[in-house]
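These numbers come from a predicted model, not from an experiment.
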Amino acid sequence: MPLLPGEILNTRYRMVHLLAAGTYGCTYRARDVVEARDVAIKEYLDPAVETQKLFRQEARRLSELQHPQLTAVRDHFALENVGQYLVSDYVDGVDLQSLLAQYGPLPSDLVIVWLQEICKPLAYLHGKGQLHLNIKPANIRLTPTGEVFLVDSGLPGLGVRPHDSGFGAPEQQARQGVTPASDIYSLGATLYTLLTGGPPPNALARESGLEDLRPAREVNPNVEPYLSVVANRALSLRPDVRYDTAVDFARALERPSGRPAPEVSDLRRTPDPQILALPPRPLPGRRKQIEQRTIWGLLALLVIVIAVGVTFSLVNINAADDTIGEAEATATVESAVVAALTAIAPTPSPLPRPTELPTPTPQPFTTETGSRMLYVPSGTFRMGDDDGERDERPSRLVQVDAFFIDETEVTVGQYAQCVDAGACREPRVSSENYYGNSAFNDYPVIFVNWYDAQTFCEWRGARLPSEAEWEMAASFDSVEAVRYRFPWGDAFDGNKLNFCDVNCTHTNRDANYNDGYRFAAPVGTYPDGRSPLGVYDMAGNVVEWLGDWYGFSYYREGSDNNPLGPTEGEFKVIRGGSWLAAADEVENTARGSFDPLVAQANVGFRCAMPVP
């Protein structure tokens with residue numbers, strides 16, 4: 001049972017109230033009656049002698065830490081048959097978990113500042129060889145003067161690794177080796193929670209496939225795309241994919257160049273009440289009045305009609321069969337009156353139907369990184385090839401919604417902007433990699449794995465194209481409603497792409513062509529090789545990562561409406577062939593796959609996005 005308010009601990013500390021309760025004990029706010037200061041006391045309920053020894057070592061190590069955003073350790077002691085106690089300064093203020101409970105998802109401009117501040121004491125801890133292992137919104141406190149503190153470490157020297165569900169890295173929960181990357185995971189979980197209002201799924205549940213991590217932007221559409229990418233990377237189940245240091249994480253939180261900061265909004269529990277005025281009562285309308293001259297005209301006409309009717313009824317026609325009966329005469333009179341009134345009354349003119357304006361076709365646009373995106377209209381086209389490889393069969397008609405796709409492959413210069421913003425990793429270092437050489441800024445970025453490509457596209461507010469989208473953009477002429485074998489037509493022409501020609505050292509090279517490049521070429525080098533929609537390099541240059549997992553029987557089992565690959569798999573789809581590919585490997589329907597961690601000299605990518 002937790003200690004109650006007013007109780008005196010170790011003849012010195014008067015309990016004020018319980019702050020938190022955990023597996024290993026509780027944390028209290030107390031008053032040091034000797035030094036007249038408020039303190040926080042963390043207990044570890046294990047009275048074993050060996051535990052006491054380890055606890056003293058850990059307490060001494062913590063007492064040596066001195067950072068303005070970490071609480072100073074003031075005392076430590078053990079109570080026989082009870083456990084160990086660590087006393088540190090109490091930080092007055094409010095924790096981020098309390099703010100989250102009051103206001104829901106918090107504004108990104110504030111979250112960025114708070115977490116960048118927390119990275120400072122965390123970087124200090126890591127520099128001292130110390131881990132925190134208990135980072136979460138409840139352990140980040142804001143003081144009344146605006147300072148940000150990181151409190152309540154996990155006593156890693158005792159093997160204590162507390163974690164709330166969703167905040168502990170998988171290796172931390174599995175009690176495997178922990179590193180600074182474990183704290184980076186918790187930082188990512190904290191970012192995710194503050195932006196979405198709820199923690200991410202438990203890491204072990206994700207690892208076992210029981211739960212999936214939804215990007216923060218899907219949970220809360222107001223989250224800026226690059227922040228969603230930062231959270232996703234920090235929350236990677238693999239430590240080597242996360243940010244290397246707390247400094248790198250803080251740098252990744254910086255808003256990319258050219259992206260305006262959102263307007264700073266005041267925090268509110270609920271919207272201000274609005275007094276809604278009752279709608280004004282409509283004034284009684286004036287009755288429409290008939291003009292006096294119209295009334296006289298109607299009366300005169302009525303008299304004439306009656307007189308005519310009476311005359312007809314008094315005329316005696318010799319033949320009895322020709323005599324007008326009373327009922328028939330009355331009907332004649334009534335018909336005449338109706339006809340007269342109808343002639344006088346105005347005939348309402350039918351209202352013209354409004355002209356329906358045609359929906360304008362979205363125009364190409366240029367992104368902030370300089371990528372030009374082309375519009376691909378929705379439509380139905382035949383995907384696959386009945387005469388192709390087994391995984392290309394059978395061909396079938398599929399419906400694909402409209403989307404945008406990059407006109408060219410992502411270049412070195414464009415990818416470097418994401419690296420500079422701290423959202424992307426640098427491509428893998430290799431003697432064949434030209435990244436970092438400004439002379440190659442217009443060349444496709446290479447030596448990036450699937451995760452790198454997806455991170456870049458998400459940072460840009462886009463994604464990798466699906467296999468159906470890619471094949472449609474490469475082969476389909478939406479105007480003529482025809483599909484081609486190659487982007488430019490049905491006949492191969494080695495002058496319209498960068499493939500394995502005379503410059504290639506591969507055994508399957510075609511010496512009949514010389515495209516001018518042994519390796520990758522600058523994007524857009526072959527305008528005659530564009531697809532019917534105007535997309536460059538869909539055949540050759542570099543093979544491109546797609547968003548789908550590879551499925552051998554995808555064409556037999558996939559949906560006919562916006563088909564996607566399997567929900568999971570071992571390999572990711574690649575399409576388009578490269579400077580290493582032979583002619584039959586650059587056909588629009590040719591499929592390939594790689595392990596998503598592959599990064600090599602002939603692999604790049606381009607991005608796509610739905611129509612806003």
> On the six-membered ring of Y13, is R31 placed so that its NZ or CZ lies under 6.0 angstrom from the centre and within 45° of the ring axis?
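Not satisfied by the 6.0 Å and 45° rule.
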
> Do S371 side-chain atoms and T367 backbone N/O form a donor-acceptor pair below 3.5 Å?
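Absent.
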
> Would you mind reporting whether I41 and L86 have side-chain heavy atoms less than 4.5 Å apart?
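They are not in contact (no side-chain heavy atoms under 4.5 Å apart), so the answer is no.
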
> Once you measure the plane-to-plane angle for Y415 and Y435, does it fall in the parallel (<30°), tilted (30-60°) or perpendicular (>60°) bin?
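Aromatic pair Y415/Y435 classed perpendicular.
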
> Find out whether D95 and V151 are in side-chain contact, i.e. whether some heavy atom of one side chain is under 4.5 Å from a heavy atom of the other.
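A side-chain contact under 4.5 Å is absent here.
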
> Verify side-chain contact (heavy atoms from CB on, under 4.5 Å) between V419 and R425, making sure each step is shown before the conclusion.
CA-CA 6 Å; V419 174; R425 302 189 304 178; over 6 Å; no

> When you look at L191 and L253, which way does the side-chain contact (heavy atoms from CB on, under 4.5 Å) test go after all the steps?
CA-CA 10 Å; L191 172 64; L253 291 175; 3.9 Å; yes

> Taking atom types as modelled, is there a side-chain donor on E147 or T145 under 3.5 Å from an acceptor on the other?
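Present: a donor and an acceptor within the cut-off.
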
> Could you pull out all residues at least two apart from D248 that satisfy side chain to side chain donor-acceptor pair (under 3.5 Å)?
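Partners of D248 by the side chain to side chain donor-acceptor pair (under 3.5 Å) criterion, ordered by chain and then number, come out as T245, R251.
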
> Side chains of R141 and T143: does their closest heavy-atom pair fall under 4.5 Å?
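Not in contact.
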
> Sub-3.5 Å donor-acceptor pair from the side chain of D452 to the main-chain atoms of N449, do we have one?
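Confirmed, D452 side chain pairs with N449 backbone.
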
> Below 4.5 Å, heavy atoms only, C-beta onward: do V410 and V523 meet side chain to side chain?
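No - every pair of side-chain heavy atoms lies 4.5 Å or more apart.
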
> Just wondering, are more than 12 heavy atoms of other shown residues or ligands nearer than 6.0 Å to CG in D240?
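Yes, the 6.0 Å shell around CG holds more than 12 heavy atoms from other groups.
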
> Has the side chain of S182 got a donor or acceptor atom that lies under 3.5 Å from a matching backbone atom of V178?
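No, S182 side chain to V178 backbone: no donor-acceptor pair under 3.5 Å.
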
> Heavy atoms only: give me the nearest Y185-R206 pair and the separation to one decimal.
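For Y185 and R206, the tightest heavy-atom pair comes out as OH-NH1, 3.1 Å.
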
> For the residue pair K572 and W545, would you count it as a cation-pi contact if the rule is NZ or CZ under 6.0 angstrom from the ring centre and within 45 degrees of the ring axis?
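No.
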
> Are side-chain heavy atoms of L122 and L187 found at a separation under 4.5 Å?
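Yes. Closest side-chain heavy atoms under 4.5 Å.
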
> For C424 and T455, which heavy atoms make the closest approach, and how far apart are they?
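Answer, listing the atom of C424 first, then T455: SG-CG2, 4.1 Å.
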
> Pick out which of D89, D75, D92 makes a salt bridge (charged side-chain N to carboxylate O under 4.0 Å, His left out) with R37.
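Going through D89, D75, D92 one by one, the salt bridge (charged side-chain N to carboxylate O under 4.0 Å, His left out) with R37 is satisfied by D89 alone.
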
> Between L106 and L110, is any pair of side-chain heavy atoms under 4.5 Å apart?
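No; the side chains remain at least 4.5 Å from each other.
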
> Over all heavy atoms of both residues, which pair between L125 and L65 is shortest? Give the atoms and the distance, please.
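The pair with the smallest heavy-atom distance is CD2-CD1, 3.5 Å.
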
> Whether the side chain of N220 engages the backbone of L195 through a donor-acceptor N/O pair (distance < 3.5 Å, no angle test) should be reported.
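Here the side-chain-to-backbone pair exists.
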
> If you apply the rule side-chain contact (heavy atoms from CB on, under 4.5 Å), what do you find for T193 with L100, and how did you get there?
CA-CA 9 Å; T193 302; L100 198 65; 3.5 Å; yes

> Establish, yes or no, whether a centroid distance under 6.0 Å links the rings of F594 and Y550.
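F594 vs Y550: aromatic centres not under 6.0 Å.
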
> Within the distance-only criterion (no hydrogens, no angle test), does the side chain of S236 pair as donor or acceptor with the backbone N or O of R233 below 3.5 angstrom?
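Absent.
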
> Just so I know, are the side chains of R460 and C457 near enough to count as touching, which here means a heavy-atom distance under 4.5 Å?
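No, too far: nothing below the 4.5 Å cut-off.
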
> In chain order, what residues pass the side chain to side chain donor-acceptor pair (under 3.5 Å) check against R12, with sequence neighbours excluded?
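Once residues adjacent in sequence are excluded, the partners of R12 under the side chain to side chain donor-acceptor pair (under 3.5 Å) criterion are D32, E35.
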
> How about Q97 and N139: does a side-chain donor come under 3.5 Å of a side-chain acceptor?
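Their side chains do not contain a donor-acceptor pair, so the 3.5 Å distance test is not met.
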
> Report yes if some heavy atom in the side chain of P612 is under 4.5 Å from a heavy atom in the side chain of F404; otherwise report no.
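The answer is yes, as the side chains (C-beta and beyond) meet within the 4.5 Å cut-off.
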
> Where is the tightest heavy-atom contact between A203 and A169, given as atom of each residue plus distance?
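In terms of heavy atoms, the two residues are closest at CB-C, 4.2 Å.
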
> Is there a donor-acceptor pair under 3.5 Å between the side chain of Q116 and the backbone N or O of A250?
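It does hold such a pair.
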
> Any carboxylate oxygen within less than 4.0 angstrom of a Lys/Arg side-chain nitrogen, looking at D152 and K42?
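Looking at D152 and K42, the cut-off is met.
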
> Counting distance only, does the side-chain N/O of Q69 pair as donor-acceptor with the main-chain N or O of E117 below 3.5 Å?
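Confirmed, Q69 side chain pairs with E117 backbone.
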
> Minimum heavy-atom separation for C607 and M373, please, with both atom names.
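Between these two residues, the closest heavy atoms are O-CE, 3.8 Å.
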
> Could you give the distance from CD (Q130) to CG (L62), rounded to the nearest 0.5 Å?
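Interatomic distance, Q130 CD to L62 CG, rounded to 0.5 Å: 5.0 Å.
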
> What do the steps show when you test Y85 against L79 for side-chain contact (heavy atoms from CB on, under 4.5 Å), and what is the final call?
CA-CA 8 Å; Y85 293 85; L79 296 181; 3.7 Å; yes

> Can you list the residues that meet the ring-ring contact (aromatic ring centres under 6.0 Å, His included) rule with Y443, with sequence neighbours excluded?
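ring-ring contact (aromatic ring centres under 6.0 Å, His included) check on Y443 returns Y434, F440.
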
> Judged by atom type as modelled, is there a donor-acceptor pair below 3.5 Å linking the side chain of D38 to the main-chain atoms of Y90?
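Such a contact is absent between D38 side chain and Y90 backbone.
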
